[in-house]
K.L.:
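Mind having a look at this structure? Questions to follow.
Convention: sequence-line order gives letters A, B, ...; per-chain numbering from 1.
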Number of protein chains: 4
Amino acid sequence: MSAPKKVVLAYSGGLDTSIILKWLQTEYGCEVVTFTADLGQGEELDPARKKAELLGIKPENIYIEDIREEFVRDFVFPMFRANAQYEGLYLLGTSIARPLISKRLIEIAEETGADAVAHGATGKGNDQVRFELAAYALNPDIKVIAPWREWDLTSRTKLIDFAEKNQIPIAKDKRGEAPFSVDANLLHTSSEGKVLEDPAVDAPDYVYQRTVHPEDAPNEAEFIEVGFEKGDAVSINGEALSPANLLTSLNEYGRKHGVGRLDLVEGRFVGMKSRGIYETPGGTILLEAHRGIESITMDRGAMHLKDQIMPQYAELIYNGFWYSPEREMLQALIDKSQEHVTGTVRLKLFKGLARTVGRWSEHSLYSEEHVTFEDDAGAYDQKDAAGFIKLNALRLRLLAMRDRRMKGK
Amino acid sequence: MSAPKKVVLAYSGGLDTSIILKWLQTEYGCEVVTFTADLGQGEELDPARKKAELLGIKPENIYIEDIREEFVRDFVFPMFRANAQYEGLYLLGTSIARPLISKRLIEIAEETGADAVAHGATGKGNDQVRFELAAYALNPDIKVIAPWREWDLTSRTKLIDFAEKNQIPIAKDKRGEAPFSVDANLLHTSSEGKVLEDPAVDAPDYVYQRTVHPEDAPNEAEFIEVGFEKGDAVSINGEALSPANLLTSLNEYGRKHGVGRLDLVEGRFVGMKSRGIYETPGGTILLEAHRGIESITMDRGAMHLKDQIMPQYAELIYNGFWYSPEREMLQALIDKSQEHVTGTVRLKLFKGLARTVGRWSEHSLYSEEHVTFEDDAGAYDQKDAAGFIKLNALRLRLLAMRDRRMKGK
Amino acid sequence: MSAPKKVVLAYSGGLDTSIILKWLQTEYGCEVVTFTADLGQGEELDPARKKAELLGIKPENIYIEDIREEFVRDFVFPMFRANAQYEGLYLLGTSIARPLISKRLIEIAEETGADAVAHGATGKGNDQVRFELAAYALNPDIKVIAPWREWDLTSRTKLIDFAEKNQIPIAKDKRGEAPFSVDANLLHTSSEGKVLEDPAVDAPDYVYQRTVHPEDAPNEAEFIEVGFEKGDAVSINGEALSPANLLTSLNEYGRKHGVGRLDLVEGRFVGMKSRGIYETPGGTILLEAHRGIESITMDRGAMHLKDQIMPQYAELIYNGFWYSPEREMLQALIDKSQEHVTGTVRLKLFKGLARTVGRWSEHSLYSEEHVTFEDDAGAYDQKDAAGFIKLNALRLRLLAMRDRRMKGK
Amino acid sequence: MSAPKKVVLAYSGGLDTSIILKWLQTEYGCEVVTFTADLGQGEELDPARKKAELLGIKPENIYIEDIREEFVRDFVFPMFRANAQYEGLYLLGTSIARPLISKRLIEIAEETGADAVAHGATGKGNDQVRFELAAYALNPDIKVIAPWREWDLTSRTKLIDFAEKNQIPIAKDKRGEAPFSVDANLLHTSSEGKVLEDPAVDAPDYVYQRTVHPEDAPNEAEFIEVGFEKGDAVSINGEALSPANLLTSLNEYGRKHGVGRLDLVEGRFVGMKSRGIYETPGGTILLEAHRGIESITMDRGAMHLKDQIMPQYAELIYNGFWYSPEREMLQALIDKSQEHVTGTVRLKLFKGLARTVGRWSEHSLYSEEHVTFEDDAGAYDQKDAAGFIKLNALRLRLLAMRDRRMKGK
């Protein structure tokens, strides 16, 4: 790889990415463009602009954007149509944000004539893979710079030294090591590393930042109604909301009731297991609600097929293959299944739990006429069941006859 | 089908199966053998013996058995190795009991020289299918009698009339209609029908019989440790327990903390949707714990394959295909995956929630050496990640080159 | 089911469906509408009109249609996009025709105000299921009449008697039993039953009617080029052809070279195994060609996903679930994969074999630059492979470390 | 990686691996152990011993072994139980040999106290991955040396120079470039590269070395009978044969009749597409025969599940994951399905085609009694089909009712 001339950096404004910024300038002598996105991580973006300017970035090279609506509409919601859970439990909050960031990095590279992009993910994690697979899929000639895999700033001390030598401001609380590492966006907050590294040991209470402790949640349950159209949530308690506003509101409900905590050991794509604490307050409610509305509006055959391909879909997103033909094929299948997933779900929120307790829809396939214990006026002829069972049993009977025959030998 | 001469009836001792007993005697003039099983449904079995005798069943034709250990060891536990959930949520409590009952019915038929078996499931539900597929798979020549599909006792009034005419004792509270229908065993209690038939309406509080309301559960969390060997739970808080005793104990923990309630609309095999309220206190804790121990002892490739085939496995059990070659093939795959699923999981129980908070095992694949944010002493070379990503990206880059090429046309 | 008043009958003009026609008139006293379709079965349709008139059908109740183009365009081609083969080998020639016939039956029922449809499939086969599932999916209130399941004309003698009593003309060669049963359309000819019932015994030569014996095929190979656009064949040797004309032409090539014979024992949906002789001359070439063009234009990830879901897709078609949400979801996935399946395949036809020997496309993903044994000018860095392998191996190494550790115990 | 001290080299005795041998000695100054295996590639092994001695390998460091029986029994046959085909067509002849070679390399390393293994696969292909994943899975601490990824002998000229400088004998026909590259073993011969690199161009006739041209094959068909026990072939025309002898014999039949040629473009695990010419004469017959015996002895549910997981199984072998938990899990599933796959298949071989024409077995599930067009004496009640269809249709009817309802809005 020849040296990059102009690099678009995924820039948070924090110490680490500021060091990267300076390192790119000094190591490669290249022009740096910064991209700082509001994905709902809950931090002010203005300081990032000031810091970038301070580090010598030209104003026209500073990109700061609120991409929360795009994030929820085009990434989070399509994923939730699949009820995606990685390894049965993880709602993919970090994974789903990476392809959008890469997409903007590549677009800005094209706008600014940059030949490279850079990110602050380490060489041990999944995020490097997600950033880079997305970048290559969108621009096959892009150069990708991952300083953590390249440089020799391999300890906190060296990083701080580098920062001091290069006049990078260091917030007081950033001098020491953080007790664990955090990633956040509108969908979730994940925490990992350091105090969390022993999976036998309970996560300390202070790790949870996004939700109240279930013990401290209200002693009375709260009921909400989430409205759906074609598989996407569109309203809460009857009030129509944009995707990002809806998720923000669900997050607030979830936070208040302590919903969405997960303590998980998971298998990383790079081959090792890691332990993470995830808080996905709104997403956890959304998954439950989405399953709830599907339960009355989606045919059994459709649902079972969808459930069957879900783990592969989740794995693709986890592994960074959002922009792959197979993810797009699965999305086509999933989206096709959502045409009638329209209606309302009633949920009970209480002390960490979000549970569907009612659901209704004009698109409902639930037929009280058929299922009733009462007289069904001929909607269903119970005698049909005899033939249904007899033919379903035929192959099993032929197997049993063989077994008997072979035993007689 | 020629008329049956001797029938083994799955007999609960309740009014409905007593009416069936008498109906079999009068309709077919056949000898009846009764089989009453203790599957952990929480009812005395002695009255069933007395009632059978009262209805003229010869003592040698009355089978009453405690099959709880076999139920949990050979049915519930193998199923939990798969983390089986039907339509994403249902723990299959009713489905998994049916094949065992059918197995005993067929075995007793062989012992007693009976040519038929009979059950009390209706023609609208899944249970008829489960009973009968299992029966045919175990004895291809057996006759199966399902009175609810045959007789004309189509209303409560007619049933009561029949009972009165035939001197069948009727408990006072059985004269009227029950407000909903219940099935119970050691794994779960399910309730459906009548007051539950409108899926938009919350289930009344009195429907829940197996768990305390989360609101009434203790205000302090309780922590337990569940030990596993090769995928099966073997101890609680260090005390070794037999399968049935272990599940009984987990049920007690779950009941106390309000764990395991589910309000679900599901797709029946016979084609309609139905709404059920399930309470699976111990099973819900067990699923969480099993996932927890798998998370550190099972390889990613193994787990993802297992997750992928789970929905089909669950569907097979739900639909009644326990005794099918494909269920047995999937079981072979699943059991193969459990060889190292040994260790201990720590769970927090609180107000309806059971959550893994710690897990440890001699068989752990979690390598702190590899995952650490600290110096890993060369266990992992971050530069390997660059090549890993480059080659994973190659096909995506070739796709992107084609897209660019075709756009240029 | 109340008695039908007006029935649309799938009418071939042959003896069996003529008997059905008369039986419907006499049994139900209902008006009969006949639908006779040219699906490429190679029979004249005019006699069917005359015979229907003779049997008293009003001219406006006689529907005779050439639906070959629709058949190939909307049913055969979509299915071939999936490379569908049932039980690894069967190209589904009969299965794919049934939903189209049912669709027209239902449409004609709506046009003519009929309340029922009828077909001539027996109660043992798959076709009854296919006809009826399609009919019910398109009109949930339709009545379906399957005379073979209802009447008592259970022997050839009784059928001939009925025909004679009702003045139905009987061709001389139809008096006796046919040595086997045949179904044909533009995609294939299937033969089964009677002389073919023992699967151990070779099918007699005279069973094959659609292809020359490979022994009698030309001694020189013939090469053809099949052009594709978005997954569908559009030309042969550079000549653009409509779907039906293209398949007709491939059939002629296949017939001449003895391509496409299959002697198969398959599992029917109704539970038994049956043996069929299939001749699918053009379809066999088309499958090979389609795989050929996919091989250079389709990404590996896309192809593997497609291969993985194919058996379920084929099973759905075989079982009669063409009009089901899950078939449509899989079709959406498959169609998504075909966007770039455009180009040309060169095939060699010789003595029963059709084999791809060349393929090219503007959409090709094949990169000689990357794959070459020669100097690749840096397109591919072999050193990347080391990291790729190391990280793919990491989880296997962690497993091996555990095995070693546990053995030491 | 620290420098290796003793290396076990997969040594063919040819020029390339001789150069590697010398390069290992000179580059690393390490002791070399050679392992030369007879996998049925059809070459004398004696010259390899002499050449190794000539290059200074100590006699006790020269391992030459005939592992054909192990190859077929423990690798080829288990794979054929799955009917494995990669990308629908490739019989995995090269892929399946690699894990066995690696297994012996690792075992010899343990016997000889070597700390490294080396192979002659390039950095562009799949074989490096297969060799190395297997090696790491069997010994997590082993060093792997892949000279083609390391050295600077990047042209034929440089290789020849190196050989001459190091007194490595060069056969006359090895001075120039071979027109294509070949790999062979008892299962297949593959050819790729150079003259085969343009996938649009027919492979020259001289590329095919393992089979006669179909045009030159006998003008009369030959019929053979292959006997199976539990999924593995055990006899030909009634003669019991060991696994390797059986495959050798099938190869001879296939060679003579021109069976088993394949011209394929496939997706490599490392990300690019490549074109290969495969000749798998015996394997192609074996696959057909195995499908044939399964068709009468395997239940439909079992077969469909097996077909569904096959593509993943094939992908795992192709990608080099033979020694992975998920391959072993799938193998457990597949082996479970083979318990009754016992019987005999009759095949017709003619001009490139191998086709099942008969099959019989004591384990047959084929029931002429059920399938017959004649009177079945009550084995099957056609009226059962009505109920079977009605309940299978119920969910489709409910969908149709919804569609109608929603259109009315």
K.L.:
Could you tell me whether the side chain of B/L347 reaches within less than 4.5 Å of the side chain of B/F223, counting heavy atoms only?
P.N.:
no
K.L.:
Would you check if the side chain of A/H257 reaches a backbone N or O of A/V259 as a donor-acceptor pair within less than 3.5 Å?
P.N.:
no
K.L.:
Tell me which of these, B/G358, B/G193, B/P199, has more heavy-atom pairs under 4.5 Å with chain A than the rest.
P.N.:
B/P199
K.L.:
Can you tell me which portion of B/L89 sits under 4.5 Å from chain A's heavy atoms? Options are side chain, backbone, both or neither.
P.N.:
side chain
K.L.:
Under the 3.5 angstrom rule, does the side chain of B/N392 hit a backbone N or O of B/F388 as a donor-acceptor pair?
P.N.:
yes
K.L.:
Under 4.5 Å from any heavy atom of chain B, what part of A/A146 do you find: side chain, backbone, both or neither?
P.N.:
neither
K.L.:
Is it the backbone or the side chain of B/L264 that comes under 4.5 Å from a heavy atom of chain A, or both, or neither?
P.N.:
backbone
K.L.:
Can you tell me which portion of B/T122 sits under 4.5 Å from chain A's heavy atoms? Options are side chain, backbone, both or neither.
P.N.:
both
K.L.:
Is chain B contacted by the side chain of A/L399, its backbone, both, or neither, given a heavy-atom distance below 4.5 Å?
P.N.:
side chain
K.L.:
Considering only heavy atoms and a distance below 4.5 Å, find which of B/Y136, B/Y323, B/F321 pairs most often with chain A.
P.N.:
B/Y136
K.L.:
Short question: side chain of B/Q85, backbone of B/Y90 - any donor-acceptor pair under 3.5 Å?
P.N.:
no
K.L.:
Examine whether an atom of A/S274 lies under 4.5 Å from a heavy atom of chain B, and if so say whether it belongs to the side chain, the backbone or both; otherwise answer neither.
P.N.:
both
K.L.:
So which part of B/E326 gets closer than 4.5 Å to some heavy atom of chain A, the side chain, the backbone, both or neither?
P.N.:
side chain
K.L.:
Can you tell which part of B/Y86 gets under 4.5 Å to a heavy atom of chain A, answering side chain, backbone, both or neither?
P.N.:
side chain
K.L.:
Which of the residues B/K351, B/R300, B/R359 is involved in the greatest number of heavy-atom pairs with chain A at under 4.5 angstrom?
P.N.:
B/R359
K.L.:
B/D198 versus chain A, heavy atoms under 4.5 Å apart: side chain, backbone, both or neither?
P.N.:
both
K.L.:
Aromatic rings A/Y208 and A/H213: how do their planes relate, parallel, tilted or perpendicular, breaks at 30° and 60°?
P.N.:
perpendicular
K.L.:
Do you see a donor-acceptor pair shorter than 3.5 Å between the side chains of B/E197 and A/T372?
P.N.:
yes
K.L.:
At a heavy-atom separation under 4.5 Å, does B/R149 approach chain A through its side chain, its backbone, both, or neither?
P.N.:
both
K.L.:
If only atom types and distance count, is the side chain of B/T297 paired as donor or acceptor with the main-chain N or O of B/I293 below 3.5 Å?
P.N.:
yes
K.L.:
Look at B/R355, B/H370, B/M401, B/K383 and state which one has the largest set of heavy-atom pairs under 4.5 Å with chain A.
P.N.:
B/R355
K.L.:
Do A/R346 and B/D202 meet the salt-bridge criterion of a basic N to acidic O distance under 4.0 Å?
P.N.:
yes
K.L.:
Can you say whether B/R268 sits under 4.5 Å from chain A via the side chain, the backbone, both, or neither, judging by heavy atoms?
P.N.:
both
K.L.:
Using a 3.5 Å distance criterion without hydrogens, assess whether the side chain of B/N126 forms a donor-acceptor pair with backbone atoms of B/F269.
P.N.:
yes
K.L.:
So is A/R130 actually on top of A/Y318's ring, under 6.0 Å and inside 45° of the axis?
P.N.:
yes
K.L.:
Between A/M303 and chain B, which part of the residue has a heavy atom less than 4.5 Å away: side chain, backbone, both or neither?
P.N.:
side chain
K.L.:
Say whether B/H290 and B/N83, considering side chains only, have a donor N or O and an acceptor N or O under 3.5 Å apart.
P.N.:
yes
K.L.:
If you measure only the distance, is there a donor-acceptor pair under 3.5 Å linking the side chains of B/E288 and B/T356?
P.N.:
yes
K.L.:
Given that the side chain runs from C-beta out, which part of B/V201 has a heavy atom under 4.5 Å from chain A: side chain, backbone, both or neither?
P.N.:
backbone
K.L.:
Tell me, for B/M272 versus chain A, whether the close heavy atoms (under 4.5 Å) come from the side chain, the backbone, both or neither.
P.N.:
side chain
K.L.:
Surrounding NZ of A/K348 (heavy atoms of other residues, nucleotides or ligands, distance under 6.0 Å), is the total greater than 12?
P.N.:
yes
K.L.:
Is A/R291 close to chain B through its backbone or its side chain, or both, or neither, when contacts mean heavy atoms under 4.5 Å?
P.N.:
side chain
K.L.:
Answer yes if the side chains of A/N139 and B/R404 hold a donor-acceptor pair under 3.5 Å, and no otherwise.
P.N.:
yes
K.L.:
Relative to chain A, which of B/P214, B/G271, B/A221, B/S324 shows the most heavy atom pairs under 4.5 Å?
P.N.:
B/P214
K.L.:
Where on A/L262 is there a heavy atom nearer than 4.5 Å to chain B: the side chain, the backbone, both, or neither?
P.N.:
backbone
K.L.:
Heavy-atom cut-off 4.5 Å, strictly under: side chain, backbone, both or neither for B/P140 against chain A?
P.N.:
both
K.L.:
So which part of B/M298 gets closer than 4.5 Å to some heavy atom of chain A, the side chain, the backbone, both or neither?
P.N.:
backbone
K.L.:
At a heavy-atom separation under 4.5 Å, does B/Q312 approach chain A through its side chain, its backbone, both, or neither?
P.N.:
side chain
